[in-house]
Number of protein chains: 2
Amino acid sequence: MKAGPDIAMVASLVGDPARANMLTALMTGRALTASELAHQAGVTPQTASSHLAKLEGGRLIEAEKQGRHRYYRLSDPDVAGVLEGLAGLAARAGHMRVRTGPKDPALRRARICYDHLAGDLGVQMLDSLKKQRLVRQTKQQIELTAEGERFLSNSLQISAQSLAHPRRPVCKACLDWSERRHHLAGTLGAAIMTRFTELKWAARDAAPGSRVVNFSRTGEKRFAALFGDGE
Amino acid sequence: MKAGPDIAMVASLVGDPARANMLTALMTGRALTASELAHQAGVTPQTASSHLAKLEGGRLIEAEKQGRHRYYRLSDPDVAGVLEGLAGLAARAGHMRVRTGPKDPALRRARICYDHLAGDLGVQMLDSLKKQRLVRQTKQQIELTAEGERFLSNSLQISAQSLAHPRRPVCKACLDWSERRHHLAGTLGAAIMTRFTELKWAARDAAPGSRVVNFSRTGEKRFAALFGDGE
DNA sequence: TCGATGCTTCGGCTAGCATCGAACTATGAA
DNA sequence: TTCATAGTTCGATGCTAGCCGAAGCATCGA
């Protein structure tokens with residue numbers, strides 16, 4: 001009938017609740033085993049195995065065998081982008097998952113979006129970077145300024161050269177579903193999040209599959225010193 | 001169990017072939033009646049009505065009543081963006097719709113992406129704009145240059161002021177599923193496409209629901225003169 | 001007022017698919 | 001070897017959701 005890519009095919013893959021749970025679990029950026037994903041999705045291993053085969057067939061995830069485990073990860077950052085987009089549409093339609101756990105406020109405050117910081121603090125950081133003119137956002141595009149490069153090197157020991165990547169932009173605006181505003185993605189967003197973890201300013205929540213990021217007391221202070229909305 | 005937006009909810013809406021057909025039909029940016037959408041989807045009016053109610057409930061589309069017709073449109077350009085994203089994932093997974101019609105090459109050459117030009121010519125236009133330094137693309141962001149403003153005014157009678165919009169950026173990079181590269185979206189992308197139509201350089205295909213854009217002979221020449229890879 | 005058209009609601013049918021129990025294969029440890 | 005664990009395949013089951021026929025509103029034109 002029609003030409004074009006079969007979007008129903010891939011959307012229906014995401015459309016099953018169990019598979020959607022698995023995919024959101026993989027939004028942490030970590031590779032997870034089949035049984036971990038089964039647990040996340042709340043189904044038995046057999047069922048999970050069938051789901052994972054379908055997701056792999058649809059090229060949404062990739063598997064790597066390691067001993068008797070199979071580790072699954074999202075096949076591409078673009079997949080994470082589309083998932084965030086879907087989350088945005090769901091959020092604006094008011095379709096939140098019913099059983100809102102106690103973790104919800106923490107999730108809105110700071111969470112992992114694939115490999116970078118999202119939520120209230122993520123949005124706040126990008127705002128502050130712009131205000132301090134460390135990045136320049138023209139319309140839809142973000143660019144690191146010379147001043148920004150100095151800042152990264154001095155305050156966070158991140159060298160601008162290390163951010164270059166053949167296929168991924170350094171800075172990218174990513175729409176935040178909880179804040180409905182942009183936060184910082186790209187290799188820079190990822191590098192900053194990594195640095196936060198290394199400095200023990202922040203750590204991912206211990207609960208498996210949780211996207212919550214917990215800031216330490218000192219981390220919170222340092223973050224505020226660098227990116228606080230201050231006055 | 002989990003907090004966060006219910007992405008399975010909205011993905012399952014897109015996941016049904018009939019609904020996906022309707023949504024792709026609405027990617028033309030035009031508002032269509034319930035019966036037109038039923039025809040596009042290949043289902044009876046009753047079935048279509050049920051689908052449309054679900055899509056409306058999920059806030060993916062909006063309806064407007066006019067006489068005894070109900071006109072449906074995508075509720076937001078963001079919806080179109082997510083649909084294009086899904087199309088990208090489907091294309092890279094090799095999941096194209098089976099019955100590839102004769103229109104397919106035309107579709108890849110030039111088509112409407114919501115309200116702007118996509119396909120080979122869309123990508124070529126953005127490339128040329130950058131090469132001529134009429135827009136500047138830093139990393140992910142596109143910006144109109146002073147020279148670009150003059151060009152628009154002189155060659156296409158588009159004034160830069162008319163492009164301002166409270167919620168929509170002037171320039172935006174939109175990923176093209178057939179070319180896997182960016183073309184120009186935003187109010188500028190839309191304005192240029194409108195101008196092409198007004199000048200009768202190009203027209204949307206007459207077949208209802210078709211996204212194909214046909215260029216006239218003169219249109220083709222003028223387009224090549226402005227944006228040809230010529231040199 | 002009458003008929004035609006566009007769209008929706010209702011009810012029943014059917015197919016597809018998610019689910020799980022049971023059985024099977026592969027890896028690692030003792 | 002033997003046992004435990006991770007994962008898959010197979011077959012049966014049951015529910016969901018898409019589908020259409022028939023009937024019911026609403027709007028338009030005569």
Side-chain angles (χ1 to χ4, degrees), chain A residues 1 6-26 30-58 60-73 95 97-98 208-209, chain B residues 1 6-26 30-58 60-73 95 97-98 208-209:
Chain A
M1 196 95 185
D6 188 356
I7 71 173
M9 181 75 190
V10 9
S12 70
L13 286 176
V14 188
D16 177 80
R19 286 192 292 261
N21 282 338
M22 294 175 167
L23 291 171
T24 11
L26 292 173
R30 281 195 269 236
L32 299 174
T33 66
S35 7
E36 285 170 325
L37 289 167
H39 183 252
Q40 286 297 321
V43 294
T44 58
Q46 311 91 289
T47 309
S49 177
S50 137
H51 284 311
L52 290 168
K54 283 173 190 170
L55 288 174
E56 203 178 356
L60 293 181
I61 61 174
E62 285 174 351
E64 192 178 337
K65 200 167 180 180
Q66 219 167 89
R68 47 181 169 180
H69 296 278
R70 289 198 79 183
Y71 282 92
Y72 288 94
R73 75 173 68 80
H95 284 127
R97 289 199 243 174
V98 232
Chain B
M1 195 94 183
D6 188 355
I7 69 172
M9 181 73 190
V10 9
S12 70
L13 286 176
V14 188
D16 177 80
R19 286 192 294 258
N21 282 339
M22 294 176 168
L23 291 171
T24 10
L26 291 173
R30 280 195 268 235
L32 299 174
T33 67
S35 5
E36 286 170 325
L37 289 167
H39 182 251
Q40 286 297 322
V43 293
T44 58
Q46 313 89 289
T47 308
S49 176
S50 137
H51 284 310
L52 290 168
K54 283 174 191 169
L55 288 173
E56 202 178 358
L60 293 182
I61 61 175
E62 285 174 351
E64 192 178 337
K65 200 169 179 177
Q66 220 168 89
R68 46 183 169 178
H69 295 278
R70 290 198 76 182
Y71 282 92
Y72 289 94
R73 75 173 64 82
H95 286 127
R97 288 196 245 176
V98 232

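Lettering follows sequence order; numbering is per chain, from 1.
For dC20(C), one of the phosphate oxygens OP1 or OP2 lies less than 4.0 angstrom from a side-chain nitrogen or oxygen of T44(A). Under 4.0 angstrom from either OP1 or OP2 of dA26(C) there lies no side-chain N or O belonging to K65(A). Between H51(B) and the phosphate of dC19(D), there is a side-chain N or O to OP1/OP2 separation shorter than 4.0 Å. Considering only side-chain N and O atoms, K54(A) lies nowhere under 4.0 angstrom from the phosphate OP1 or OP2 of dC17(C). At dT27(D), none of the side-chain N or O atoms of R70(B) fall inside 4.0 Å of OP1 or OP2 (strictly under the cut-off). Between T47(A) and dA18(C), a side-chain N or O to OP1/OP2 separation shorter than 4.0 Å is absent.
Counting heavy atoms from C-beta outward, V14(B) and V14(A) have side chains that stay 4.5 Å or more apart. Between L23(B) and L13(B), every side-chain heavy-atom pair lies at or beyond the 4.5 Å cut-off.
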**OP:** Convert the base pairs of DNA chain D into dot-bracket notation, remembering that pairs crossing earlier ones are written with [ ] and that bases paired across to another strand are shown as |; include only Watson-Crick or G-U pairs under 3.5 Å.
**Re:** ||||||||||||||||||||||||||||||
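Residues R68(A) and S12(A) both approach DNA chain C. Their nearest nucleotides, taken by heavy-atom distance, put S12(A) toward the 5′ side. With the nearest nucleotide of DNA chain D identified for both S50(B) and Q46(B), S50(B) has the one nearer the 5' end.
Between the CE atom of M22(A) and the C1' atom of dT19(C) there is a distance of 12 Å, rounded to whole Å.
Once rounded to the nearest 0.5 Å, the distance linking CZ of R19(B) with CG of L55(B) reads 6.0 Å. The distance from the NE2 atom of H51(B) to the CD1 atom of I61(B) is 11.5 Å, given to the nearest 0.5 Å.
Across all strands, Y71(A) comes closer than 4.0 Å to no nucleic acid atom at all (heavy-atom distances).
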